[in-house]
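For reference, the structure is listed below as structure tokens.
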Number of protein chains: 4
Amino acid sequence: MPKIVDKDKRRSEIAHKAIEVLARKGFQSATIQDIADAAGVGKGTIYHYFKTKGEILMAVSGEIFREMERSLGAALLRMDEPEERLAALIQESLNITEELEHLYIIYTDLWLANLRGQGQGDFIAVITSLNDDLRKIVARMIEDGKRKGLWAEDIDADALAVYLITSFDGVVFHYMLDKKAFDIKHVTREFIRFFLRHAKA
Amino acid sequence: MPKIVDKDKRRSEIAHKAIEVLARKGFQSATIQDIADAAGVGKGTIYHYFKTKGEILMAVSGEIFREMERSLGAALLRMDEPEERLAALIQESLNITEELEHLYIIYTDLWLANLRGQGQGDFIAVITSLNDDLRKIVARMIEDGKRKGLWAEDIDADALAVYLITSFDGVVFHYMLDKKAFDIKHVTREFIRFFLRHAKA
Amino acid sequence: MPKIVDKDKRRSEIAHKAIEVLARKGFQSATIQDIADAAGVGKGTIYHYFKTKGEILMAVSGEIFREMERSLGAALLRMDEPEERLAALIQESLNITEELEHLYIIYTDLWLANLRGQGQGDFIAVITSLNDDLRKIVARMIEDGKRKGLWAEDIDADALAVYLITSFDGVVFHYMLDKKAFDIKHVTREFIRFFLRHAKA
Amino acid sequence: MPKIVDKDKRRSEIAHKAIEVLARKGFQSATIQDIADAAGVGKGTIYHYFKTKGEILMAVSGEIFREMERSLGAALLRMDEPEERLAALIQESLNITEELEHLYIIYTDLWLANLRGQGQGDFIAVITSLNDDLRKIVARMIEDGKRKGLWAEDIDADALAVYLITSFDGVVFHYMLDKKAFDIKHVTREFIRFFLRHAKA
DNA sequence: TATGAATGAGCTTTCATTCAT
DNA sequence: AATGAATGAAAGCTCATTCAT
């Protein structure tokens with residue numbers, strides 16, 4: 001009998017080890033050899049677990065989506081009051097750990113590839129769906145806030161929700177490019193303060 | 001030295017014709033042949049104007065920066081009142097023409113390359129400098145607005161300025177990925193309304 | 001030594017199961033995995049019975065020769081009269097069953113490999129020896145026929161025998177390439193009629 | 001201006017130089033590097049003239065068909081009497097020059113590939129068409145011969161023609177495998193004598 | 001100056017073979 | 001004995017770059 005291996009687990013392990021390389025070199029520049037080296041296996045072994053190079057990216061892409069859902073889910077389910085939940089969401093969305101940074105970079109890579117029709121999976125569909133869900137949740141919070149008197153009645157909750165959730169990527173990307181350019185924690189804190197105090201001023 | 005002027009002009013022409021290809025295929029996937037075809041010249045001719053493939057991207061990068069400066073400059077210099085100027089800036093920053101879209105995509109490509117240390121020019125320095133200038137201008141406007149009573153005194157103008165100018169890229173990127181996802185004109189309008197009416201509510 | 005007998009039997013079984021794959025894909029294109037699948041064993045198991053991929057082909061080659069000898073032997077030993085024996089030989093040589101077709105294709109593969117000096121076993125020696133034997137037998141029949149007045153005295157029995165036995169492969173190969181091109185049974189029958197009625201006309 | 005090259009001519013040149021390698025190693029075993037070496041060019045250059053490795057084989061295949069048509073055309077158009085034309089045809093079909101031998105081997109390679117559905121072009125269609133034409137011509141000659149009293153009235157000209165033209169490949173293949181096995185010139189001569197003297201005996 | 005033919009480094013992918021279990 | 005996970009050599013193919021014309 002050969003070595004007994006949980007193929008799915010091993011696949012996931014390799015995908016995980018590939019993250020750092022994919023982030024550092026980019027999908028196109030990263031070679032299978034790079035990925036094999038990072039995973040500590042031979043080049044051929046990669047092909048036991050992934051049919052093509054693109055499939056590795058798809059697997060990593062899955063990890064990213066799972067991570068996104070997890071981190072947002074955590075942020076959303078803790079609080080009761082709409083302003084607290086919104087603050088937590090913004091906080092979480094702009095919270096960049098070293099770990100997450102790699103995922104963010106790969107995520108942008110995927111983004112570009114799909115923008116060009118070079119994507120292989122259903123990236124756009126998943127992103128769109130995630131964003132739609134998130135937009136509805138955020139719009140709901142804003143509506144709740146409006147009802148509580150936090151925001152004026154004529155605020156377009158849906159449009160504002162869209163702006164909010166799409167803006168996060170911009171802030172994060174700028175921060176990643178040059179971390180000395182600004183203090184993201186401070187900016188986040190101040191923005192939350194600004195955003196939540198809107199109606200009270 | 002008319003020769004040199006001529007050569008620079010031709011360089012710029014080729015760079016301009018390369019934009020569409022670079023946006024559509026991405027820097028790595030676009031071949032010199034693609035670029036030569038787009039420019040209507042032979043492959044060898046490209047090398048009379050650019051030493052390497054990377055140099056083409058640098059030239060295009062220059063075009064992008066010039067375009068960014070031009071469009072922002074236009075937005076900033078027209079109005080007198082801080083709220084009008086801010087509205088114009090947001091408007092302009094979120095105004096995506098077909099032409100600009102190509103530049104945006106290449107800009108993201110460059111962004112990623114530099115995020116990875118694969119960039120060849122002074123992209124980060126230029127972006128940082130542009131953003132610094134812009135941040136100062138926007139912070140100034142917010143301060144002016146605070147003085148006019150538009151925003152509360154304890155608003156951190158600098159932090160808010162950072163959020164504002166970095167948020168644009170996020171909104172634009174999301175919009176480009178799926179234009180059916182939301183109506184960017186409407187979102188922009190509503191966000192401006194929200195942002196500027198902060199203190200009045 | 002029952003072990004060895006067992007092993008030989010298993011070898012032969014695997015070789016037999018490999019025939020269909022080798023015929024369908026060709027020796028070079030057929031992978032060990034293909035052969036293992038066809039034999040219903042694991043890839044590693046193949047190497048318990050064959051040192052290399054080439055050895056599998058050699059084993060199959062042996063099967064082919066055994067089959068050739070068997071089918072010709074059957075044809076040759078039944079009749080008494082030379083013309084009957086010749087007719088039976090031609091008949092048998094041009095009789096293509098589905099089963100035999102696979103062997104024929106592999107046989108051609110082997111042929112080509114040996115034509116190029118890429119053969120590993122004693123294919124050429126065996127073929128030459130088989131053909132020599134057959135040629136002698138056929139020449140003998142023709143001589144017998146000449147004596148019986150079937151063919152003219154000045155017919156070169158040996159040369160004609162060579163033509164006859166080498167012609168079979170050509171007819172069969174053409175037929176296999178496009179079975180709709182001609183009715184091999186009819187052609188065989190007519191050729192036998194022509195060949196045997198030579199002197200009577 | 002770059003070196004001016006007649007692309008079609010160069011293509012043909014490379015295809016010609018590839019013949020020897022393809023015959024010696026076989027299509028699958030011959031590497032692009034082998035072919036490039038034989039042509040005295042770099043590996044990349046091959047791809048200026050052929051999109052894929054298969055395309056090289058197709059080009060060579062074209063050469064083979066042209067050669068077949070040429071040699072048969074020559075044989076067929078010289079004589080007037082049916083028996084002379086048939087004799088010339090058989091002669092030509094069994095006449096193996098060193099040059100032709102390479103083509104024959106490649107032809108068999110193609111044959112096998114197409115037998116397996118691995119062929120890329122219209123090999124089967126071309127072969128079938130060539131053989132059909134040839135069969136008609138030969139059948140015509142035999143009919144003419146019958147009318148002249150060379151062969152008995154009840155000979156099936158069509159079936160005999162099929163046997164004749166398909167048998168040649170068998171004779172040639174056997175000869176190529178082991179040239180010491182028989183004297184093909186002698187066999188050819190004797191077979192012609194046998195075939196043409198049928199009715200006279 | 002303009003060109004594209006020529007090139008080989010470097011990529012992804014396949015697969016015979018080995019070997020730990 | 002039986003297995004399939006692991007491997008790297010080797011293949012086809014691409015493309016930035018050079019250079020003769």
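Throughout, a chain's letter reflects where its sequence line sits, starting with A, and its residues are numbered from 1. Side-chain atoms are counted along with the backbone in the values below, which use heavy atoms only and exclude waters and symmetry mates.
When the side chain to side chain donor-acceptor pair (under 3.5 Å) test is applied to B:R11, no partner is found at least two apart in sequence or on another chain. When the side chain to side chain donor-acceptor pair (under 3.5 Å) test is applied to C:E20, the partners found at least two apart in sequence or on another chain are C:R24. With sequence neighbours excluded, no residue forms a side chain to side chain donor-acceptor pair (under 3.5 Å) with A:K17. Residues passing the salt bridge (charged side-chain N to carboxylate O under 4.0 Å, His left out) test with A:E99: none are found, sequence neighbours excluded. With sequence neighbours left out, the ring pair (Phe, Tyr, Trp, His ring centres under 6.0 Å) criterion links B:F65 to B:F123. The side chain to side chain contact (heavy atoms under 4.5 Å, CB included) search around D:E67 returns D:R70, D:S71, D:L100, D:L103, not counting sequence neighbours. Scored by the side chain to side chain donor-acceptor pair (under 3.5 Å) test, D:Y107 finds D:D169 as partners (sequence neighbours excluded).
Sorted by residue number, the members of residues 12-42 of chain D with any non-hydrogen atom under 4.0 Å from DNA chain E read D:V41, D:G42. Sorted by residue number, the members of residues 43-51 of chain D with any non-hydrogen atom under 4.0 Å from DNA chain E read D:K43, D:G44, D:T45, D:H48, D:Y49.
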Return a table of donor-acceptor pairs under 3.5 angstrom between the side chains of residues 109-117 of chain C and protein atoms on other chains or two or more places apart.
| residue | atom | partner | partner atom | Å |
| --- | --- | --- | --- | --- |
| C:D109 | OD2 | C:F27 | N | 3.2 |
| C:D109 | OD2 | D:R116 | NH2 | 2.6 |
| C:W111 | NE1 | D:F173 | O | 3.4 |
| C:N114 | ND2 | C:L110 | O | 2.8 |
| C:R116 | NE | D:A23 | O | 3.2 |
| C:R116 | NH2 | D:D109 | OD2 | 2.6 |

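Sorted by first and then second residue, the salt bridge (charged side-chain N to carboxylate O under 4.0 Å, His left out) pairs with a member in residues 31-46 of chain B read B:K25-B:D34; sequence neighbours excluded.
Neither OP1 nor OP2 of F:dA11 sits under 4.0 Å from any side-chain N or O of D:K53. Put simply, D:R10 has a side-chain N or O that comes within less than 4.0 Å of OP1 or OP2 on E:dA6.
Separating the CG atom of A:L57 from the P atom of E:dT12 is a distance of 13 Å, rounded to the nearest angstrom.
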Here DNA chain E, pairs taken as Watson-Crick or G-U under 3.5 Å and shown with ( ), [ ] when crossing and | when to another strand, reads .||||||||||||||||||||
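The two residues C:Y49 and C:E55 make their nearest non-hydrogen contact at O-OE1, 4.3 Å.
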